[in-house]
Enquirer: 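First the structure, which I've put down as structure tokens, then a few questions once you've had a look.
Values in this document were obtained by computation on a predicted structure and should not be read as measured data.
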Amino acid sequence: MIEIKDKKDCCGCHACASICAKHCITMQSDEEGFLYPVVDKDACTDCGLCEKVCPVINQSEPRKPLKVYAAKNKNEEIRRQSSSGGIFTLLAEKVIAEGGVVFGARFDENWNVIHSWTDTIEGIAAFRGSKYVQSTIGDTYRKAREFLKQGRKVLFSGTPCQIAGLKRYLRKEYDNLLSVDIVCHGVPSPLVWNDYISSIAPISDITNVNLKDKRTGWREYSVTIEYGNNVFTEVAKANKYMLSFIRNFTLRPSCFNCPAKEGKSGSDITLADYWGVQHLIPSMDDNKGTSFVCHNTEKGIETVTEIDMDTIQASYEDSIRYNPCIYLSTKEPEGRGIFWRKYKTMGISALNRIKPQQENVIKRLIKKILQR
């Protein structure tokens with residue numbers, strides 16, 4: 001029986017709730033807005049499957065990718081709509097063209113972030129772009145398994161812990177599964193996100209959300225929320241919601257000891273922003289977004305080599321100096337407890353107490369990372 005004694009020991013992947021044949025595990029929100037499994041002990045048969053599929057209890061060994069690349073989608077409009085270089089769209093288009101199904105994170109009608117699926121080219125658009133909120137997996141693990149058993153190709157994308165949860169849930173390898181994880185700084189609270197967006201405009205009035213609007217540049221991206229005839233836009237480094245994310249106050253406790261970094265998720269392909277590309281491969285940088293693509297398996301290599309895109313092979317060791325989230329867990333800030341105590345009394349106004357990091361502090365952090 002799964003039993004969460006320390007919240008750092010649950011990444012919220014839903015694998016335990018998904019595997020339970022008796023449906024006696026429900027995911028319930030805590031005071032910070034994160035979902036955790038709660039077991040109906042009267043209905044539980046103590047079969048132990050929930051513990052066997054937990055990616056925190058059963059962590060894989062770290063691994064390095066077989067090959068890494070800097071890459072860009074040749075379609076400029078798709079790249080503009082994407083978080084980095086638009087490579088996810090190319091992978092998704094390939095799978096759908098072969099009769100497959102694509103799973104990813106999207107906003108629902110209330111601007112909550114959920115996992116969902118599509119088998120149309122048009123449906124891919126909802127999965128593009130960074131969401132900066134922990135998505136709710138729901139029944140997508142079960143649905144993916146149904147498609148896999150039908151023989152359809154499945155691309156399942158998510159955070160490393162979500163991919164680790166999926167792989168544990170499936171309990172076997174499928175040749176028709178392509179798993180893609182996104183390098184993750186950490187997942188912010190859905191509660192804070194919902195409170196924040198509601199403070200900008202009534203949920204029913206909001207027509208579009210772009211948490212990585214690259215019209216101000218890829219490296220200086222903005223948060224843009226459209227509602228009615230109005231547009232709220234703010235550079236991310238000055239936006240209170242993004243500051244709470246960047247400063248780690250609103251991240252899930254498990255993010256401070258991630259069970260799925262360093263390639264432990266088991267994904268075929270890892271995608272990330274290629275931060276530092278202007279220093280390492282300047283020919284691939286135009287400040288419109290470049291992807292860092294890690295081929296972790298032969299399946300990943302075979303899939304990507306069949307796609308038409310701009311690529312240059314890169315050095316993994318050089319690249320991760322600018323992309324430490326690939327292998328390092330985010331550090332828990334000293335003031336996290338204080339922040340949440342304030343949030344309980346002040347609500348979304350607590351974000352106003354978060355101050356931007358001074359530039360010299362950021363430079364020192366970067367220097368430390370580069371020296372590792």
Side-chain angles (χ1 to χ4, degrees), residues 1-4 6-21 23-30 34-39 47-63 101-106 113-117 127 131 133-149 154-174 177-188 190 251-271 296-297 325 329:
M1 180 189 303
I2 202 82
E3 202 168 359
I4 308 303
D6 187 331
K7 289 185 176 179
K8 289 184 179 180
D9 293 333
C10 175
C11 60
C13 72
H14 285 62
C16 57
S18 299
I19 201 68
C20 182
H23 306 291
C24 62
I25 302 177
T26 56
M27 301 297 291
Q28 298 183 18
S29 179
D30 73 346
F34 295 110
L35 296 175
Y36 292 88
V38 176
V39 181
C47 68
L49 277 178
C50 54
E51 293 178 324
K52 290 178 181 177
V53 300
C54 175
V56 176
I57 296 173
N58 307 283
Q59 296 187 30
S60 300
E61 292 297 317
R63 61 176 183 166
V101 185
V102 173
F103 287 78
R106 67 170 177 84
V113 181
I114 62 170
H115 248 68
S116 185
W117 63 273
F127 300 147
K131 305 302 189 293
V133 191
Q134 181 163 36
S135 66
T136 301
I137 286 291
D139 67 347
T140 53
Y141 286 172
R142 294 191 187 112
K143 195 66 182 175
R145 185 174 62 181
E146 289 177 15
F147 286 129
L148 290 167
K149 288 184 174 180
V154 170
L155 186 163
F156 200 104
S157 63
T159 60
C161 62
Q162 289 172 335
I163 297 303
L166 171 69
K167 303 281 273 190
R168 289 289 175 187
Y169 166 79
L170 293 174
R171 293 184 291 165
K172 61 174 284 188
E173 293 294 328
Y174 286 87
L177 171 66
L178 181 71
S179 54
V180 179
D181 63 352
I182 311 300
V183 170
C184 178
H185 172 81
V187 288
L251 301 189
R252 189 181 182 98
S254 62
C255 296
F256 306 124
N257 189 24
C258 177
K261 286 189 182 291
E262 296 184 275
K264 293 193 289 184
S265 71
S267 68
D268 296 300
I269 296 170
T270 296
L271 298 177
N296 303 322
T297 64
C325 287
S329 292

Enquirer: Apply ring pair (Phe, Tyr, Trp, His ring centres under 6.0 Å) to Phe147 and list each qualifying residue two or more places apart in sequence or on a separate chain.
Expert: Trp117

Enquirer: Measure the spacing between CZ of Phe156 and CG of Asp268 and express it to the nearest 0.5 Å.
Expert: 13.5 Å

Enquirer: Given 3.5 Å as the limit, does a donor-acceptor pair link the side chain of Asp181 with the main chain of Cys161, or not?
Expert: no

Enquirer: Which distance, rounded to the nearest 0.5 Å, do you find between the CD of Gln134 and the NE2 of His115?
Expert: 10.5 Å

Enquirer: Do you know the tightest heavy-atom contact between Ala144 and Val154?
Expert: O-CG2, 4.1 Å

Enquirer: One pair to check against side chain to side chain contact (heavy atoms under 4.5 Å, CB included): Val39 and Glu3. What are the steps and the verdict?
Expert: CA-CA 8 Å; Val39 181; Glu3 202 168 359; over 6 Å; no

Enquirer: Is there side-chain contact between Ile19 and Arg171, with heavy atoms separated by less than 4.5 Å?
Expert: yes

Enquirer: Please lay out, stage by stage, how Leu166 and Ile137 fare under the test side chain to side chain contact (heavy atoms under 4.5 Å, CB included).
Expert: CA-CA 10 Å; Leu166 171 69; Ile137 286 291; over 6 Å; no

Enquirer: Backbone N or O of Ser265 within a donor-acceptor pair of the Lys167 side chain at under 3.5 Å?
Expert: no

Enquirer: Side chain to side chain contact (heavy atoms under 4.5 Å, CB included) for Glu262 and Ser60? Distances and angles first, verdict last.
Expert: CA-CA 10 Å; Glu262 296 184 275; Ser60 300; over 6 Å; no

Enquirer: Quick one, Tyr141 and Gln162 - any side-chain contact, counting heavy atoms below 4.5 Å?
Expert: yes

Enquirer: Tell me if a side-chain donor or acceptor on Arg63 pairs with a main-chain N or O of Gly263 at a distance below 3.5 Å.
Expert: yes

Enquirer: Is any side-chain heavy atom of Phe34 closer than 4.5 Å to one of Pro190?
Expert: yes

Enquirer: Can you tell me how far the OG1 atom of Thr136 sits from the CG atom of Leu35, to the nearest 0.5 Å?
Expert: 5.0 Å

Enquirer: More than 12 non-hydrogen atoms from neighbouring residues, nucleotides or ligands closer than 6.0 Å to CD on Gln28, yes or no?
Expert: yes

Enquirer: Does Lys143 pair with Glu146 as a salt bridge, N-O distance under 4.0 Å?
Expert: yes

Enquirer: Side chains of Ser329 and Asn257: do they bring a donor and an acceptor to under 3.5 Å?
Expert: no

Enquirer: Between Gln59 and Arg168, which heavy-atom pair has the shortest distance, and what is it?
Expert: C-NH2, 4.1 Å

Enquirer: Between Ser157 (side chain only) and Phe103 (backbone N and O only), is there a donor and an acceptor less than 3.5 Å apart?
Expert: yes

Enquirer: Could you give the distance from CG (Leu170) to NZ (Lys149), rounded to the nearest 0.5 Å?
Expert: 9.0 Å

Enquirer: Does the structure place the NZ or CZ of Arg252 under 6.0 Å from the centre of the six-membered ring of Tyr36, at an angle of no more than 45° from the ring's axis?
Expert: yes

Enquirer: Quick one, Ser135 and Ile114 - any side-chain contact, counting heavy atoms below 4.5 Å?
Expert: no

Enquirer: Are Leu251 and His185 packed together at the side-chain level, in the sense that at least one heavy-atom pair is separated by less than 4.5 angstrom?
Expert: yes

Enquirer: Using residues 8-18 as the side-chain source, report each donor-acceptor pair under 3.5 Å to any protein atom, sequence neighbours left out, with the distance given to one decimal.
Expert:
{"from": "Lys8", "atom 1": "NZ", "to": "Glu332", "atom 2": "OE1", "distance (Å)": "3.0"}
{"from": "His14", "atom 1": "ND1", "to": "Gly12", "atom 2": "O", "distance (Å)": "3.0"}
{"from": "Ser18", "atom 1": "OG", "to": "His14", "atom 2": "O", "distance (Å)": "2.8"}

Enquirer: Lys52 side chain to Cys47 main-chain N or O, any donor-acceptor pair under 3.5 Å?
Expert: no

Enquirer: Roughly how far, to the nearest 0.5 Å, is the CD1 atom of Ile163 from the CD1 atom of Ile269?
Expert: 11.0 Å

Enquirer: How long is the straight-line distance from CD1 of Ile2 back to CG of Leu49, given to the nearest 0.5 Å?
Expert: 11.0 Å

Enquirer: Report yes if the side chains of Ile25 and Cys50 come closer than 4.5 Å at any heavy-atom pair, otherwise no.
Expert: yes

